[in-house]
2 protein chains.
Amino acid sequence: MNSQSIENYLKVIFNQAIVTDEVNTTGIAQALEVSLPSVNSMVKKLAGMGLLEYEKYKPLKITEKGRQTAAMIIRKHRLTEMYLVEKMGFGWEEVHDIAEQLEHIQSPEFFDRMDELLGHPQRDPHGSPIPNKQGHIAILEYRMLSDCKPGEKVELKALAHTSDEFLRYLNSKELALGVQVQVVEVEVYDKNMTVDYEGRREVLSALVCSKLLVS
Amino acid sequence: MNSQSIENYLKVIFNQAIVTDEVNTTGIAQALEVSLPSVNSMVKKLAGMGLLEYEKYKPLKITEKGRQTAAMIIRKHRLTEMYLVEKMGFGWEEVHDIAEQLEHIQSPEFFDRMDELLGHPQRDPHGSPIPNKQGHIAILEYRMLSDCKPGEKVELKALAHTSDEFLRYLNSKELALGVQVQVVEVEVYDKNMTVDYEGRREVLSALVCSKLLVS
DNA sequence: TAAATTTGTTAGTCAATGCTAACTATTTAA
DNA sequence: TTAAATAGTTAGCATTGACTAACAAATTTA
Ligand SMILES: [Mn+2]
Ligand SMILES: [Mn+2]
Ligand SMILES: [Mn+2]
Ligand SMILES: [Mn+2]
């Protein structure tokens with residue numbers, strides 16, 4: 001069985017590999033808040049396990065086996081988040097830290113039961129796709145709200161960032177997944193966007209709009 | 001935060017201290033399936049943390065702080081078992097191994113939510129008491145079914161052993177907590193007991209009867 | 001009570017996972 | 001295109017929690 005450390009490394013590497021296919025050591029160190037030499041030695045270990053391709057001074061590549069293994073951990077993480085929100089009444093800003101621990105539980109039955117009770121959900125509470133049991137992840141093609149033009153009416157589908165602070169900000173604006181948003185006006189100077197939704201009118205910064213994924 | 005190892009040791013020590021106030025090293029080693037030197041060094045560490053009293057070659061005593069700390073882990077374990085049975089549809093024979101892992105999750109909110117959703121249960125699925133948030137454990141005075149006399153009608157309240165095999169045996173006999181059992185006859189020679197319950201008549205061995213706690 | 005057995009301890013080792021300091025290779029900027 | 005900055009590596013060490021081998025104390029048995 002892989003240790004929690006190994007699982008956490010693999011998850012970070014997998015996520016970075018989505019952005020750019022080649023992953024670098026420094027990025028892993030920053031994401032996990034560990035030193036570069038710690039990453040270097042773990043990376044060699046993961047390579048030895050066939051989860052990564054490693055050559056000295058070259059960017060890392062995750063293998064199919066690594067991708068598969070990571071997908072199963074992410075599946076457990078996202079199922080957990082969904083379960084906590086849907087079945088235990090947590091807010092979407094409360095679930096990540098708990099899921100970060102529960103994703104390491106070794107019990108297929110436990111997660112299968114969550115999956116069943118949830119009716120085999122496709123997305124986690126932040127709109128990210130839940131990998132299926134085969135490790136396949138649906139790629140969701142959403143646009144950023146910041147790319148929308150005045151007059152467009154779109155639905156909030158997912159978030160590109162899920163920090164507690166951002167989620168609490170969205171709570172304060174009553175912005176939740178599924179909300180229909182109409183773009184009223186885009187300020188040319190700073191790209192601030194005036195939007196209407198749920199009978200409200202709000203001005204959202206370019207930063208916020210770039211993290212709201214819509215369709 | 002205490003490590004999982006520390007928590008597992010403490011739980012074992014606490015449980016053994018219920019039987020005899022003084023705990024010995026060998027018993028811990030057997031329960032955790034580790035070597036005696038491993039126990040010896042951990043015991044010194046726990047003593048250094050104020051969780052145990054330790055003197056060379058003397059039996060161990062758990063401190064009030066140790067008792068309190070252990071009770072909170074056991075609370076998490078038993079709440080989890082109850083949650084898995086009541087809210088997720090697991091059988092009472094399936095939950096211990098999952099709870100053994102979940103008891104180490106660091107999230108008061110997670111267990112508080114379980115507790116609420118369960119309506120603040122007093123017992124786990126095997127009839128063992130769930131310590132309250134102050135670490136207090138209700139002492140339940142049950143008799144062993146093996147101490148009952150022919151003609152007595154009692155209710156199955158708890159189990160003195162909870163191994164998977166025993167629980168599966170009870171499943172096969174449809175013996176569950178809450179079942180009303182009438183003692184029909186006790187064989188003098190081997191103490192085998194003939195009992196009636198739920199419209200069935202069964203003969204239970206003395207070993208089994210000594211593990212069925214009734215009132 | 002002396003010998004044998006059981007229980008507990010010490011010393012030394014190992015694997016996993018982290019670290020810092022020192023160094024090397026690669027990339028970027030002057 | 002050399003110098004500076006950044007990124008990656010190595011060596012050496014610390015901590016946690018396990019182990020075996022050797023030994024000492026306590027308890028049981030003869
Ligand atoms: Mn998350
Ligand atoms: Mn994690
Ligand atoms: Mn249990
Ligand atoms: Mn445990």
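Letters A, B, ... mirror the listed sequences (proteins, then strands); counts begin at 1. Keep in mind that this is a model prediction, so the values were computed, not measured.
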Just how far, in rounded Å, is [atom2] of [N] from [atom1] of [X]?
{"X": "A:Gln4", "N": "C:dG18", "atom1": "CD", "atom2": "C1'", "result": "15 Å"}
{"X": "B:Asn24", "N": "C:dT9", "atom1": "CG", "atom2": "P", "result": "11 Å"}
{"X": "B:Glu22", "N": "C:dG8", "atom1": "CD", "atom2": "P", "result": "12 Å"}
{"X": "B:Leu52", "N": "C:dG8", "atom1": "CG", "atom2": "P", "result": "14 Å"}
{"X": "B:Leu10", "N": "D:dG17", "atom1": "CG", "atom2": "P", "result": "13 Å"}
{"X": "B:Lys58", "N": "D:dA24", "atom1": "NZ", "atom2": "C1'", "result": "16 Å"}
{"X": "B:Ile28", "N": "C:dT7", "atom1": "CD1", "atom2": "P", "result": "13 Å"}
{"X": "A:Met42", "N": "C:dA16", "atom1": "CE", "atom2": "C1'", "result": "8 Å"}

Original post:
Does a sphere of radius 6.0 Å around CD in B:Gln106 hold more than 12 heavy atoms from other residues, nucleotides or ligands, not counting ones at 6.0 Å or beyond?
Top reply: yes
What's the closest nucleotide to the side chain of [X] if the choices are [options]?
{"X": "B:Pro37", "options": "C:dA25, D:dT20, D:dT16", "value": "D:dT20"}
{"X": "A:Lys56", "options": "D:dG17, C:dT10, D:dT9", "value": "D:dT9"}
{"X": "A:Thr25", "options": "D:dG8, C:dT9, D:dA18", "value": "D:dG8"}
{"X": "A:Asn40", "options": "D:dA18, C:dC19, D:dT9", "value": "D:dT9"}
{"X": "A:Ile6", "options": "D:dT9, C:dT17, D:dA18", "value": "C:dT17"}
{"X": "A:Lys45", "options": "D:dC19, C:dA16, C:dT9", "value": "C:dA16"}
{"X": "A:Tyr57", "options": "C:dT9, C:dA16, C:dT26", "value": "C:dT26"}

Original post:
Under 3.5 Å, is there a donor-acceptor pair between the side chain of B:Glu94 and the main chain of B:Gly91?
Top reply: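 Yes.
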Subject >> Side-chain touch A:Glu185/A:Asn192, heavy atoms, less than 4.5 angstrom >> reply: no
Original post:
How is A:Lys44 classified with respect to the nucleic acid when contacts are heavy atoms under 4.0 Å: base, sugar-phosphate, or nothing?
Top reply: sugar-phosphate
**OP:** Assign B:Thr26 to base, sugar-phosphate, or nothing according to its heavy-atom contacts below 4.0 angstrom with the strands shown.
**Re:** sugar-phosphate
Original post:
Between A:Glu116 and A:His120, does a side chain to side chain donor-acceptor pair (under 3.5 Å) hold up when you go through it step by step?
Top reply: CA-CA 6 Å; A:Glu116 267 176 51; A:His120 311 287; over 6 Å; no
Give a yes/no on whether any side-chain N or O of [X] is located under 4.0 angstrom from OP1 or OP2 of [N].
{"X": "B:Ser5", "N": "D:dA18", "value": "yes"}
{"X": "B:Ser35", "N": "D:dA18", "value": "no"}
{"X": "B:Ser3", "N": "D:dG17", "value": "yes"}
{"X": "A:Tyr9", "N": "C:dA16", "value": "no"}
{"X": "A:Ser38", "N": "C:dC19", "value": "yes"}

**OP:** Begin from the C-alpha positions of B:Glu81 and B:Arg78 and carry the test salt bridge (charged side-chain N to carboxylate O under 4.0 Å, His left out) through to its verdict.
**Re:** CA-CA 5 Å; B:Glu81 290 190 341; B:Arg78 294 186 178 165; 5.9 Å; no
**OP:** Verify whether one side chain among B:Glu100 and B:His96 offers a donor that lies under 3.5 Å from an acceptor in the other.
**Re:** yes
